[in-house]
**Q** 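Below is a structure I'd like to ask you about.
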Amino acid sequence: MPELPEVETVRSGLALLLADRPILCRVQLMRADLRAPIPASLARRLRGQPIIAVRRRAKYLLFETPAATLLCHLGMTGTWRLAPSGDERIHDHCYLHFFDGRRLAYRDPRRFGLLDLIEPGRAEEHPALAGLGPEPLDARAFTGAVLAERCAGRKVAIKPLIMDQRVVVGVGNIYAAEALFRAGIRPSCFSGRVSRPRLDALVAAIRAVLLEAIAAGGSTISDFRQAGGDSGYFQTRFQVYDRAGQPCVRCGAKLRGAVLGGRSTVWCSRCQR
DNA sequence: CGGGTTACCTGACGGC
DNA sequence: TGCCGTCAGGTAACCC
């Protein structure tokens, strides 16, 4: 489900819900592992702690408490929701119970997500966060020059390259396709052969599409929901994603579809070179 | 090392 | 109705 706009939408929703810094009275794990084992000490370490902030790095959520930070990746199907008493669902893997009586539920049918603990001040050392590329919305960190350096001499196609979280974070299959369409770049283009002006355009397109999607509350495909339960609506603005065989919004040509780097890819062979 | 494929897991959907 | 194949927003372990 979640690329940067969806994770940011969840983050801002949770930050609003938790703005009064509620104190955890119980962390209830319903299973011992997701994609990776959940530390056995997680519940004990977080008990009695206030949530002082909810941050985002790449596609990760960080629930900060004085004693430790709860790290969460939503994988493909992870969701957080306010779960009143009686609202228990299949694939709920973790409940955060607060002293004020509220409860947050983490639900993740495919279990590609991650829950882990980070020691205070050690976020950059965590294996999942170390080595991540720049935030695409940070205009100083993610520039055409930075992307050009990562592309130089590379034969990997540009679409899988911009989905590589070591190059730039937060871009997944949907927004990679949308950004490449906006920039007029064919997804299968060798990274090392995309000109510098076109890489500048791609950086701008990535930033623009992510910002527009955040403003729209993310894209709701299947069961993505904001933390408040609302749907995002950016999916109504897809120009290429999931539109193979349909007409290009710009020129009317039939959009092409293929598998690239193991992921479904859609593009306009007339508008994208 | 770079580049490509596969596995992880469940659910939804289309075809028969 | 139900069975089966295919596909899904991500990541990482493999292979050559």
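Naming convention: chains lettered A, B, ... in sequence-line order (proteins, then strands); numbering from 1 in each chain.
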**Q** On the nucleotide B/dG4, are OP1 or OP2 found under 4.0 Å from the side-chain N or O atoms that A/K155 carries?
**A**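 Negative; the distance criterion is not met.
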**Q** Considering only atom P, compute the distance from B/dC9 to C/dC3 and round it to an integer number of Å.
**A**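 Those two atoms are separated by 23 Å.
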**Q** Do the side-chain N and O atoms of A/T265 and A/K159 include a donor-acceptor pair separated by under 3.5 angstrom?
**A**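 Distance-only check passes for A/T265 and A/K159.
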**Q** Report the nucleotide, chosen from C/dG10, C/dT11, C/dA8, that has the shortest atom-to-atom distance to any side-chain atom of A/Q165.
**A**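 Nearest listed nucleotide: C/dT11.
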**Q** Could you state the CE-P distance from A/M163 to B/dG4, rounded to the nearest angstrom?
**A**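 In whole Å, B/dG4 P and A/M163 CE are 14 Å from each other.
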**Q** Looking for any heavy atom pair under 4.0 Å, which part of the strands does A/Y241 touch: base, sugar-phosphate only, or nothing?
**A**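 Counting heavy atoms under 4.0 Å across all strands, the contact made by A/Y241 is with sugar-phosphate only.
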**Q** I need the CG-C1' distance between A/L71 and C/dT11, as an integer number of Å.
**A**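 Roughly 14 Å, once rounded to whole Å.
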**Q** Taking atom types as modelled and ignoring hydrogens, do the side chains of A/E212 and A/Y175 form a donor-acceptor contact shorter than 3.5 angstrom?
**A**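 Short answer, no.
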**Q** Would you say the ring centroid of A/Y241 lies under 6.0 angstrom from that of A/W267?
**A**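 When the ring centroids of A/Y241 and A/W267 are compared, they turn out to be at least 6.0 Å apart.
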**Q** Using atom types as modelled and distance alone, determine if a side-chain donor or acceptor of A/R81 lies under 3.5 Å from a backbone N or O of A/Y106.
**A**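 It does not hold such a pair.
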**Q** Provide, to the nearest angstrom, the distance between the CG atom belonging to A/L161 and the P atom belonging to B/dG4.
**A**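 In whole Å, B/dG4 P and A/L161 CG are 12 Å from each other.
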**Q** Can you see whether A/H126 engages A/D116 through a side-chain donor-acceptor pair at a distance of less than 3.5 angstrom?
**A**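 Per modelled atom types, A/H126 and A/D116 side chains form a pair under 3.5 Å.
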**Q** Could you tell me which nucleotide pairs with C/dC15 by Watson-Crick or G-U wobble geometry, both distances under 3.5 Å, or answer none if nothing does?
**A**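 Partner of C/dC15: B/dG3.
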**Q** Give the rounded distance in Å between these two atoms: CG of A/L114 and C1' of C/dG10.
**A**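 Roughly 11 Å, once rounded to whole Å.
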**Q** Salt bridge between A/E135 and A/R57, side-chain N to carboxylate O under 4.0 Å?
**A**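 Counted as a salt bridge, because a side-chain N and a carboxylate O are separated by less than 4.0 Å.
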**Q** I need the OH-C1' distance between A/Y175 and C/dG10, as an integer number of Å.
**A**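 It is 15 Å, rounded to the nearest whole Å.
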**Q** Does any part of the side chain of A/V167, heavy atoms only, come nearer than 4.5 Å to the side chain of A/I162, both counted from C-beta?
**A**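 No. Closest side-chain heavy atoms not under 4.5 Å.
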**Q** Write down the distance separating the P atoms in B/dG11 and C/dA12, rounded off to the nearest Å.
**A**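 Between the two P atoms, the distance is 24 Å.
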**Q** How far, in whole Å, is B/dA12 from C/dT11 if one measures between their C1' atoms?
**A**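 It works out to 22 Å between them.
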**Q** CZ of A/R166 versus P of C/dA12: gap in Å, rounded?
**A**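 Those two atoms, CZ and P, are 9 Å apart.
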**Q** Using atom CG of A/L34 as one end and atom P of C/dT11 as the other, report the distance to the nearest whole Å.
**A**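 Result: 15 Å.
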**Q** Without decimals, in angstroms, what is the distance between A/L260 CG and C/dC7 P?
**A**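 Answer to the nearest Å: 15 Å.
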**Q** At under 4.0 Å between heavy atoms, how does the protein contact nucleotides 6-11 of chain B? Give one character per nucleotide, 5' to 3', with B, S or -.
**A** --BBBS
